[in-house]
Amino acid sequence: MEVLLQRNFTEFYGLTFPSIVDWFFDTDEKYFEIEDSNTKELVLYTKPGNGTACISNPIGFQVKIINYDKFISSLPNFFQDGRKRSDLILTCAKTNTFVLGELKDSKNIKKHRKKAKKQLLETLLTLIAVPEIFGYIKSASVNKCCYFNKQARVSTSLNAVSAFNRLPNSFVNGFKINLPEFEANNFEFWEFFGSQTLIL
């Protein structure tokens, strides 16, 4: 995927690939968490309780994590200014999975959910406009846009009563929300709060 961004994405949008470092990495950890630092760097943790996005990779497949926000932020101002973008792209060839992720750490769930949806959708539309990236995404069997919030809160999209905020513990693998704008592009929209975990 990083090659498609370096070559096809920049060529499609008439850009020159910037000289940036450490904007993607691989891991085969069976469990890991990702945190978005204040310096736009993605930090990987292998112990629970530190990151925002919790990922289970039970077979230990090779997973690629791309710092999409850092990539877009390194492009010329005329392209990146005002352009909403998600924090990361996660791919796993063995499970044929493609994930766009937005990381938040806020108690204001409603406000940041709305913002995350816009960031994820604009990222998706920006990517699939590039024919080669569209083909890559189309070949994946699992396509997800994921909003991760470090705060352990219940999704208000669910019509359920939660005593003492325990619903996330019952739905440990997140909430799938039906959103036509994502489904029209063959993506599912998922929300994860606190320790809710995306399983690859």
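Every heavy atom of this structure was used, including side-chain atoms; hydrogens, water molecules and symmetry mates were not. Starting from 1, each residue takes its place in the sequence as its number.
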[X] with [Y], same ILVMFWY side-chain cluster at under 4.5 Å:
X: F25; Y: W23; answer: no
X: F187; Y: L120; answer: yes
X: I55; Y: V43; answer: no
X: L5; Y: L42; answer: no
X: I20; Y: Y68; answer: yes

Before you tell me yes or no, could you show the steps for N67 and E41 under side chain to side chain donor-acceptor pair (under 3.5 Å), namely the whole-Å CA-CA distance, both residues' side-chain angles and the distance that decides it to 0.1 Å?
CA-CA 7 Å; N67 189 334; E41 299 298 330; 4.7 Å; no
Nearest heavy-atom pair of [X] and [Y]: which atoms, and what distance?
X: E29; Y: N57; result: O-ND2, 3.1 Å
X: C92; Y: F61; result: SG-CB, 3.7 Å
X: F98; Y: A140; result: CB-CB, 4.1 Å
X: A116; Y: Y147; result: CB-CD1, 3.6 Å
X: K117; Y: F182; result: O-CZ, 3.6 Å

Are the side chains of [Y] and [X] in contact, using a 4.5 Å heavy-atom criterion?
X: L198; Y: F192; result: yes
X: F78; Y: L15; result: yes
X: M1; Y: Y136; result: yes
X: F148; Y: K104; result: no
X: L103; Y: I34; result: yes
X: F32; Y: I65; result: yes
X: K176; Y: F189; result: no
X: L4; Y: V130; result: no

Using ring centroids (six-membered ring only for Trp), state whether F71 and F9 fall under 6.0 Å.
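Judged by ring-centre distance (under 6.0 Å), F9 and F71 do meet the cut-off.
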Report yes if the distance between the aromatic ring centroids of F79 and Y13 is under 6.0 Å, otherwise no.
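Close enough - the centres of the two rings lie under 6.0 Å apart.
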Side-chain H-bond candidate by donor/acceptor type, D105 with Q151, under 3.5 Å
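The criterion, which ignores hydrogens and geometry beyond distance, is satisfied for Q151 and D105.
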Under 3.5 Å, is there a donor-acceptor pair between the E33 and Y31 side chains?
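Yes, a side-chain donor-acceptor pair sits under 3.5 Å.
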side-chain hydrogen bond (donor to acceptor under 3.5 Å, both in side chains) partner of S106, chosen from H112, K111, K150:
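With S106 as partner, side-chain hydrogen bond (donor to acceptor under 3.5 Å, both in side chains) holds for just one option, H112.
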S56 vs K30, test: side chain to side chain contact (heavy atoms under 4.5 Å, CB included). Steps then yes/no.
CA-CA 6 Å; S56 175; K30 292 186 176 181; over 6 Å; no
How many angstroms lie between atom [atom1] of [X] and atom [atom2] of [Y], to the nearest 0.5 angstrom?
X: N173; Y: C54; atom1: CG; atom2: SG; result: 11.0 Å
X: E122; Y: L127; atom1: CD; atom2: CG; result: 10.5 Å
X: T197; Y: L200; atom1: OG1; atom2: CG; result: 10.5 Å
X: T27; Y: Q62; atom1: OG1; atom2: CD; result: 7.5 Å
X: L100; Y: L90; atom1: CG; atom2: CG; result: 10.0 Å
X: K40; Y: D87; atom1: NZ; atom2: CG; result: 8.0 Å

Would a distance-only check, ignoring hydrogens and angles, find a side-chain to backbone donor-acceptor pair under 3.5 Å from [X] to [Y]?
X: T97; Y: T95; result: yes
X: E191; Y: F175; result: no
X: Q196; Y: F193; result: yes
X: N96; Y: S139; result: yes
X: K70; Y: V21; result: yes

Can N149 and T52 be said to form a side chain to side chain contact (heavy atoms under 4.5 Å, CB included), step by step?
CA-CA 6 Å; N149 194 316; T52 301; 5.9 Å; no
K64, NZ atom: more than 12 neighbouring heavy atoms under 6.0 Å
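Above 12, so yes.
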Does the side chain to side chain donor-acceptor pair (under 3.5 Å) test come out yes or no for R85 and T126, once each step is laid out?
CA-CA 9 Å; R85 77 289 303 259; T126 300; over 6 Å; no
Show, in sequence, the C-alpha distance, side-chain angles and deciding distance for Q119 and S86, and conclude whether the side chain to side chain donor-acceptor pair (under 3.5 Å) test is met.
CA-CA 5 Å; Q119 289 171 281; S86 64; over 6 Å; no
Check the pair T16 / L75 against side chain to side chain contact (heavy atoms under 4.5 Å, CB included), numbers first and verdict last.
CA-CA 8 Å; T16 301; L75 296 173; over 6 Å; no
